[in-house]
K.L.:
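Have a look at this one before I ask anything.
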Protein chains: 2
Amino acid sequence: MTNGDVRIQEKLFSSETLGKTMNENALKITDDLVIEDKPDIKKYSLDGVLNRVILGDALKVLKKLTEESVDMIFMDPPYFLQLPNKKLRRWTVKTEVDAVNDDWDKFESFEEYDNFIKNILTELKRVMKPNATIWVIATYHSIFRIGKIMQDLGFWILNDVHWVKTNPMPNWLGVRFTNATETLIWAVKDKKAKKYTFNKEWAKKFGIGKVGANVWVLPICNGKERLKDEKGKKLHSTQKPIELLKRVILTSTKEGDVILDPVAGVGTTGYIAKALNRNFIMIEINPKYVGGIKKRFQKPLNINLNISQKKQRKIQEYLNLGE
Amino acid sequence: MTNGDVRIQEKLFSSETLGKTMNENALKITDDLVIEDKPDIKKYSLDGVLNRVILGDALKVLKKLTEESVDMIFMDPPYFLQLPNKKLRRWTVKTEVDAVNDDWDKFESFEEYDNFIKNILTELKRVMKPNATIWVIATYHSIFRIGKIMQDLGFWILNDVHWVKTNPMPNWLGVRFTNATETLIWAVKDKKAKKYTFNKEWAKKFGIGKVGANVWVLPICNGKERLKDEKGKKLHSTQKPIELLKRVILTSTKEGDVILDPVAGVGTTGYIAKALNRNFIMIEINPKYVGGIKKRFQKPLNINLNISQKKQRKIQEYLNLGE
DNA sequence: CGCTCCCATGAATCCAAGG
DNA sequence: TCCTTGGATTCATGGGAGC
């Protein structure tokens, strides 16, 4: 452990570690980690984008990627939160749009959102190898639309995996159940796809029960793991936990695989991919987030492969029913 | 407890009981419990169908029901499982999995399925009171389509509630995560609907954690609770657990409310509704299932309102992580 | 009657190879 | 594409036989 290393010590998830940090090559990557997409670039070779972050529009960049070139995709798209104050938070930019007519706006917004998802998924399907798999995560605000679009595009759903948060924001008003879950859809390109990667042993370790169930219990991203800006504010509003990506990657990829994240945010996917000896391709349009990724990649990471006894106790405690 | 009573003693869900069984009136209901729908019937009054099972096609019957007349709807539609033709064999005991193979779950295409769901939901929305709520349950095979259609029809989703089964059938070939969940969508008619019924105390009791989370852990329906035909085979391939309906009804209705189940199956919804002093309207097209309902209603039921210590231990045990 | 052992079974989009 | 068959992957639960 060299000076300046800031190892992410997930207190709740530490017992044994992989014993491998990102190697020198991985660290050198930071020099030319980012590629800026430009209109005059017509096509990207796989080698040209491997272990790179492409600063640019997801859809535009995806169209330039090589077909059947990636082994796994993780996508964490905008969630399309419709806020109750009659304003919509759009996924494109952080502007608030007045809802003049609720019905009209709802229809417009759904259609716009659906098209965005459909277009991205269409390109993602194109760049997937025949036996690649894809993960998409969202909450109930949009996961149903996404799943339906995926089925319509011919994706064959393998599982819905439910992330149960041990520390959700309680619903203080008491007007509905506390929303403590996010849903991940895991799918292959089409019904015929066989021999995709599925590491049963990891799945059994992560899922509750003894059968490797489609339910993962883990906390949201906070503490040292959470990236902050210069003002100490969180850099990204929905940064995903390392543990989540660890599970996704370990259950569905092999070492050396190519993992694509088209809406990378602060780059958790690529960061964990690298630490687990996978390759990544990330796309992100927001320079602020890309800056966060660059900073992040300067620091190696130990991934704790096992879940500690202490964490197990914490989770059990959380899951306790009744009084 | 009179002679001949067969009380369902859910061993795992007994500690305190409601102390009320279905009363004499409820039992008398069995005499004229079933109404057969006919083309010459143009309209049903609310009184005429209250606490009755209508033998007929869901869509046709729904069109004849009074608008804005029900407080809550529970729908358990076909899931469109699309199971493969070849049966799955257990290699140890040389038996085959008796998977769902009912005609009612067969559709030609997603389009046909979508239309089926959309048409029913449209009528359901019509008969809902302004502040009524609706529950729809399904698995990943179709829940995404259903949710998307609901949103498009203007339903406003309050929660997705995840039923985690303590005893799912394992994915023993190890090609995907064991599918241990079903998803319930809980929604109001539209975004404007307020003051719908939500009993926070029950929600907190049922959901895992201390915040009333949207995750319910309970076993599938089996044992004495499971209805059998004369050959001892399960009467309905997808009978829902009493405990599930108990939770749905207690969290989202008041005593005296009208609960509609348009695809009633063997009538768990109405049966539990009655035991909890609610009113029901059920629609079911299959005479075999309606026969099951009639038989079922001849026996009173105690609902155990609390979850026993023993069951709590069992659930915790199931949820234990790691080895 | 109680206990143990055995077996059946559950909303399952669960295999691969060869004819 | 359909069907058969070899091979070697599964857990919680409850009923019933047997002791």
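Just so it is clear, the model here is predicted, and its values are computed rather than measured. Convention: sequence-line order gives letters A, B, ...; per-chain numbering from 1. These values consider heavy atoms only, across backbone and side chains, with no hydrogens, waters or symmetry-generated copies.
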K.L.:
For C:dT4, does the O4'-C1'-N9-C4 (purine) or O4'-C1'-N1-C2 (pyrimidine) torsion place it in syn, i.e. within 90° of 0, or in anti?
P.N.:
anti
K.L.:
Please measure how far the P atom in C:dC14 lies from the corresponding atom in D:dC2, and state the result in whole Å.
P.N.:
15 Å
K.L.:
I need the NZ-P distance between A:Lys210 and D:dT10, as an integer number of Å.
P.N.:
14 Å
K.L.:
Enumerate the salt bridge (charged side-chain N to carboxylate O under 4.0 Å, His left out) contacts for residues 94-105 of chain B, please, sequence neighbours excluded, ordered by first and then second residue.
P.N.:
B:Asp98-B:Lys234
K.L.:
Under 4.0 angstrom, heavy atoms only, what part of the nucleic acid is B:Thr178 near: base, sugar-phosphate, or nothing?
P.N.:
nothing
K.L.:
Holding to salt bridge (charged side-chain N to carboxylate O under 4.0 Å, His left out), I want the full list of residues that pass it with B:Arg176, two or more places apart in sequence or in another chain.
P.N.:
none
K.L.:
Between A:Lys200 and B:Asn85, which has a closest nucleotide on DNA chain D that is more 5'?
P.N.:
B:Asn85
K.L.:
Are OP1 or OP2 of D:dT13 and a side-chain N or O of B:Thr166 less than 4.0 angstrom apart?
P.N.:
yes
K.L.:
Is there a salt bridge (charged side-chain N to carboxylate O under 4.0 Å, His left out) between B:Asp76 and B:Lys240? Walk through the geometry before answering.
P.N.:
CA-CA 9 Å; B:Asp76 178 17; B:Lys240 291 289 172 292; 3.1 Å; yes
K.L.:
With a 4.5 Å heavy-atom cut-off, do B:His162 and A:Thr181 have their side chains touching?
P.N.:
yes
K.L.:
When the P atoms of D:dG7 and C:dA11 are considered, how many whole Å apart are they?
P.N.:
32 Å
K.L.:
Of all heavy-atom pairs between A:Tyr196 and A:Trp186, which one has the smallest distance, and what is that distance?
P.N.:
CE1-CH2, 3.8 Å
K.L.:
For nucleotides D:dT5 and C:dA12, find the distance between their P atoms and express it as a whole number of Å.
P.N.:
25 Å
K.L.:
What would the secondary structure line of DNA chain D be in dot-bracket form, counting Watson-Crick and G-U wobble pairs under 3.5 Å, with [ ] for pairs that cross earlier ones and | for pairs with another strand?
P.N.:
.|||||....|||||||||
K.L.:
Sequence neighbours left out, what passes ring-ring contact (aromatic ring centres under 6.0 Å, His included) with A:Trp163? Give chain and number order.
P.N.:
none
K.L.:
Would the B:Phe280 and B:Phe297 ring centres measure less than 6.0 Å apart?
P.N.:
yes
K.L.:
How many angstroms lie between CG in B:Leu244 and NZ in B:Lys165, if you round to the nearest 0.5 Å?
P.N.:
10.0 Å
K.L.:
Protein within reach of the bases, or only the backbone? For nucleotides 6-19 of chain C, mark each nucleotide 5' to 3' as B, S or -, using heavy atoms under 4.0 Å.
P.N.:
---BBBBBBSS---
K.L.:
Looking at residues at least two apart in the chain, or sitting in another chain, which of them share a salt bridge (charged side-chain N to carboxylate O under 4.0 Å, His left out) with A:Lys125?
P.N.:
none
